Protein chains: 2
Amino acid sequence: MKKMTEAITTDFEKINSDLVDVFNNVMWIEEASLKRSYFSDITLKDMHTIDAISMYDEKSASQVARMIHLTPSAMTTAIDKLVQKGYVERRRSRTDRRVVKLGLTHKGRVVYRAHQGFHRDMAHNFMAGMTTEEASAVQRAIHNLKSYLRAILSK
Amino acid sequence: MKKMTEAITTDFEKINSDLVDVFNNVMWIEEASLKRSYFSDITLKDMHTIDAISMYDEKSASQVARMIHLTPSAMTTAIDKLVQKGYVERRRSRTDRRVVKLGLTHKGRVVYRAHQGFHRDMAHNFMAGMTTEEASAVQRAIHNLKSYLRAILSK
DNA sequence: AAGAAATACTTCGATAATCAAAATATATGA
DNA sequence: TCATATATTTTGATTATCGAAGTATTTCTT
């Protein structure tokens, strides 16, 4: 019994340090593999903008800004850059001519899908070799974490 | 059987999207809760520098720079700032007077521990309510991911 | 329906992080 | 000793970001 407690303690330290390691490195690795890819003219932050715009529904500039925690003015310059590089399109809304609707160009959709593929590979490796039961525990863990972070956010 | 396959597919999508959600938000949440804390004069990047310096062994400026993927020149200015704010100390190595050894001040050690606490809470919530078996599956998952990222890095 | 207030975005001016290249100080090897 | 290598800093330029002011458009109030 005592031994088991020790084992759990050790496991916790291991999980904690692996978790920190993963968080500290994912961003940088995404950034680096983007630089080595065909799409080396955009940064990871640009990628997040593209991801927030996404494929299927028109979002306004301010919606996207809120999603990725940028001020409207920073959003304007970020979009300028992505428009100029051919990833994003600006259109004025017809119903409210103040708002700018954002959409991806063909090139934007290609890089969006590539990035989704990256995430998908990551998730596949995360789940590699799990039984159904194990997978459901992992699912619960990641859901826990998501809820915890949400809770902090709304504090 | 078919139904089960579908369930697994759905689970995968859920895990994937939760994983992405967590990655996209952790950094921002850490940043935000740092701003609200007693240590609102440092950014998350500063925190990562402090974390890389750590408590127990003297590291040189260039070692720390490599750990957090900064150029030496950027490291110099980053340290200047942290020295000026009272978190970090610079000392010249005695055996090689070119190298700068970095260490944390009392204040630096306090914020270092606070940040470790944050990670610990996160890991605790990640593991909340898991049995020993489930915990070991989760441990394996996070280890998988870590290895996967390492593999990409060395490509 | 005119004028006031609100909203969505952009422009402007300032600041901070970062980089690459040159400079400085020190150490190592021929 | 002198040339070369190494660790860090300084310099000059670029880029991301912000907040405040500006512009265009819509909505609200009376």
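Within every chain, numbering begins at 1; the chains are lettered A, B, ... in the order of the sequence lines, protein sequences first and strands thereafter. Note that the structure is predicted; figures quoted are calculated from it, not measured.
Close placement of the F12(B) and H124(A) rings is indicated, their centers lying within 6.0 Å of each other. For F23(A) and F23(B), the gap between ring centers is short of 6.0 Å.
Distance from the side chain of S73(A) is smallest to dG19(D) among dG19(D), dT8(D), dA7(D).
With sequence neighbours excluded, the residues forming a ring pair (Phe, Tyr, Trp, His ring centres under 6.0 Å) with H115(B) are H119(B), listed by chain and number.
Rounded to whole Å, the distance from CZ on R92(B) to P on dT6(D) is 17 Å.
Where A78(A) and R94(A) each meet DNA chain D at their nearest nucleotide, the meeting point lying more 5' is that of A78(A). Annotation: of the two residues near DNA chain D, D96(A) and T43(A), the 5′-most nearest-nucleotide partner is T43(A).
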Mind listing the side-chain donor-acceptor pairs of residues 102-109 of chain A below 3.5 Å, one per line with the distance, residues two or more places apart or on another chain?
residue : atom : partner : partner atom : Å
T105(A) : OG1  : G86(A)  : O            : 2.6
T105(A) : OG1  : Y87(A)  : O            : 3.1
T105(A) : OG1  : K107(A) : N            : 3.4
T105(A) : OG1  : G108(A) : N            : 3.1
K107(A) : NZ   : K85(A)  : O            : 2.9
R109(A) : NH1  : L104(A) : O            : 3.1

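Below the 3.5 angstrom threshold, one finds no donor paired with an acceptor across the side chain of R97(A) and the base of dT25(D). Contact of T71(A) with dG19(D) (side chain to base): no donor-acceptor pair of N or O atoms is detected under 3.5 Å.
Considering only side-chain N and O atoms, K81(A) lies under 4.0 angstrom from the phosphate OP1 or OP2 of dA16(D).
Across all strands, T76(A) comes closer than 4.0 Å to base atoms (heavy-atom distances).
Using a cut-off of 4.0 Å between Lys/Arg side-chain N and Asp/Glu carboxylate O, R150(B) and D21(A) are scored as salt-bridged.
Two residues are said to be in side-chain contact when any heavy atoms from C-beta on lie closer than 4.5 Å; L34(A) and E31(A) fail this criterion.
The nucleotide range of DNA chain C contacted by chain B, defined by atoms under 4.0 angstrom from heavy atoms of the protein and reported 5' to 3', is dA17(C) to dA27(C).
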